[in-house]
Amino acid sequence: MNVKKIVALLLALVMVLGLAACGTDSGSTATSAATAGSGDETTAGSSASDGDPKILNIMVEIEVESLDPQEATDGTSFEVMANYTDGLTQMDADGAADESKLDGVIAESWEISDDACCYTFHLREDAKWSNGTPVTANDFVFAWQRAVDPAMASEYSYMLSDIGQVKNAAAIIAGEMDKSELGVKALDDKTLEVTLEVPVSYFLSLMYFPTFYPVNQAFFESLPTGTFGTSPETTLSNGAFILSSYEPAALSFSLVKNPDYYDADRVKLDGLNYQVIKDSQQAYMSYQNGDLDIVMLSGDQVEQVEGDPELNVTGAGYLWYLTLNQHDVPALANQNMRLALSNAVDRVSIVQDVVKDGSVATYTAVPPQFAAGPDGSDFSADQEKFKDVCSDDTEKAAAYYEAAKAELGTDTFELELLVEDQTETQNVAAVIKDQVEKALPGVTLNIKVEPKKQRVADIQDGNYEVCLTRWGPDYADPMTYLNMWTTGCSNNYGLWSDASYDTIIADCTTGAYVTDAEARWNAMYDAEKIIMDQAVIIPLYTKANANMIKTGVEGIEFHPVALNRVYKDTVKG
């Protein structure tokens with residue numbers, strides 16, 4: 001069976017089980033309908049009117065890294081902040097990326113200028129912080145200025161500059177202008193004006209991303225330096241829940257329903273309890289014991305519970321890939337060596353025999369089922385478009401390898417493969433090691449395991465050779481991936497640089513193609529071809545999440561973009 005048919009079958013299986021995507025996030029995202037048993041419903045927090053508090057007990061795989069919206073970079077932190085913070089907009093229940101379907105949250109309405117470079121947001125009158133003060137336009141001004149302030153050095157500052165194109169953001173980040181010159185103004189307490197450098201077709205959908213969340217300036221400035229977001233006492237809520245217990249690196253923490261939330265009648269849960277459990281077997285045992293209502297399973301566990309009505313598989317949106325340090329590792333600076341490694345990997349075997357959770361083998365730099373083009377088509381529906389340079393083909397790998405050995409003048413290579421201390425990723429790394437060493441005699445891959453926080457720090461600092469890592473889409477456009485490999489981008493871990501690539505990306509973000517959707521789409525295909533032809537990264541698979549969800553728990557929203565899980569409409573029977 002050829003790769004295209006295998007991928008099609010895997011995609012069909014995932015869709016049947018509940019994988020939802022938006023556009024390329026693709027179209028719509030599944031709202032979970034769970035089935036069987038009930039979890040522990042006793043915990044601290046507010047009580048339901050019948051005296052039986054409805055507390056959702058949730059497993060996450062890693063600790064929260066930061067609850068500062070302008071500092072956080074990881075999915076767990078984003079999920080927790082979104083529980084207690086509302087931004088200007090949010091996705092609808094289906095995860096729609098179509099801006100005509102976005103729900104207003106703090107923004108009740110907005111107008112867009114004729115040139116699409118000025119947005120005027122009108123904030124709701126009844127939105128307030130948990131200390132009783134109203135949410136104002138200045139809360140957004142203050143937060144966004146923090147995000148671009150060079151003194152803060154936010155890793156996500158590029159969301160305002162390169163991605164959001166907020167006026168003067170790039171110059172402020174570069175230290176050329178003061179943060180007060182950022183193109184965001186409070187016209188009055190309830191009117192926010194945002195000016196862009198150029199039109200950005202997906203701008204409204206950026207507003208549900210945590211970097212754009214508001215921060216109450218008076219509260220922030222009343223705290224000792226460095227303490228914001230480190231405890232319930234140093235955190236404010238304007239959302240559905242309030243943080244009730246938390247400390248940095250905590251393995252358990254909780255939230256309770258916000259009684260003063262402007263949409264409190266919508267929220268049916270009394271609280272959320274989180275447990276950090278890295279071992280999937282331990283997590284599943286806690287689920288079986290009734291201590292957890294939702295857990296994520298490993299591939300082996302999915303096989304064991306196949307057919308169970310409590311199994312729910314959804315698209316996680318993440319692309320897992322190998323990043324290669326071309327700057328400091330001579331062998332990886334060689335294009336033929338990179339292509340040899342890419343073709344030596346058997347992606348279908350990885351998703352079928354190791355991951356086994358509905359994840360899909362991926363042969364493109366932009367993953368499938370997440371970004372829809374001007375005609376509604378999936379940007380990466382064709383997974384064979386780069387088959388000449390990226391496929392599961394050991395013969396092709398051997399040919400590239402022979403060319404690399406001749407160019408490098410050696411036939412032995414020892415490389416270090418960095419992975420995080422999580423069972424599934426270590427299993428994937430072990431299989432990659434075996435596949436590469438068999439297909440490319442003379443290559444040795446030594447696996448190095450680190451905690452996620454250290455792994456991320458190492459690849460950001462260039463302190464690695466090969467690393468198994470992932471990227472989840474922050475917004476529903478291919479640029480959420482393609483922008484990563486521009487020269488100087490903090491997420492360009494391999495320190496690769498190509499002037500023609502940078503030109504295409506610039507034309508798609510600020511230049512010739514900004515107002516021509518079809519030309520922009522075609523140009524992004526050209527950019528992706530450069531990435532794949534040069535094997536800048538080695539794409540492996542697009543992740544699905546296999547969850548067990550207790551019967552009676554319904555309405556968890558799963559989204560492959562930005563915020564993977566939302567609980568505002570969740571009920572627990």
With a 4.0 Å cut-off, would you call D458 and K453 a salt bridge? no
Side chains of E221 and Q217: is there a donor and an acceptor less than 3.5 Å apart? yes
Quiz item: cation-pi between K550 and Y287, 6.0 Å / 45°: yes
Can you list everything that forms a side-chain hydrogen bond (donor to acceptor under 3.5 Å, both in side chains) with S157? Sequence neighbours excluded, please. none
Examine distances only and state if a side-chain atom of N483 and a backbone atom of T480 form a donor-acceptor pair shorter than 3.5 Å. no
Give, for atom OG1 of T73 and atom CG of D474, the distance between the pair rounded to the nearest 0.5 Å. 10.0 Å
Hey, are S286 and N289 close enough side-chain-wise for a donor-acceptor pair under 3.5 Å? no
Straight-line distance of Q304 CD to L297 CG, nearest 0.5 Å: 9.0 Å
Are side-chain N/O atoms of T364 and Q383 paired as donor and acceptor at under 3.5 Å? yes
With distance as the sole criterion, is a donor-acceptor pair present between the side chains of T469 and R455 under 3.5 Å? yes
Indicate whether any N or O donor in one side chain lies under 3.5 Å from an N or O acceptor in the other, for S298 and D300. no
Any cation-pi pair here, R470 with Y321, using under 6.0 Å and within 45°? no
So, S77 versus S66: side-chain donor-acceptor pair below 3.5 Å or not? no
Can you tell me if CG on D265 sees more than 12 non-hydrogen neighbours from other groups inside 6.0 Å? no
Taking atom types as modelled, is there a side-chain donor on D86 or Y208 under 3.5 Å from an acceptor on the other? no
Parallel, tilted or perpendicular, as decided by the 30° and 60° cut-offs, for the rings of F203 and Y119: tilted
Ring-face cation contact, Y541 with R347, 6.0 Å cut, 45° max: no
Are D291 and N57 close enough that some pair of their side-chain heavy atoms sits under 4.5 Å apart? no
For the rings on F142 and F140, is their centre-to-centre separation under 6.0 Å? no
Is the shortest side-chain N to carboxylate O distance from D569 to K268 below 4.0 Å? no
Can you give me the closest heavy-atom contact between L182 and Q145, atom names plus distance? CD2-N, 4.0 Å
Given 3.5 Å as the limit, does a donor-acceptor pair link the side chain of N547 with the main chain of I549, or not? no
Carboxylate-amine/guanidinium proximity below 4.0 Å for K278 and E424: no
I'd like to check the side-chain hydrogen bond (donor to acceptor under 3.5 Å, both in side chains) partners of D149; sequence neighbours left out, ordered by chain and number. K179
As an exercise, state the distance from CZ of F219 to CG of D139, rounded to the nearest 0.5 Å. 12.0 Å
Distance-only side-chain donor-acceptor flag, T234 / S231, under 3.5 Å: yes
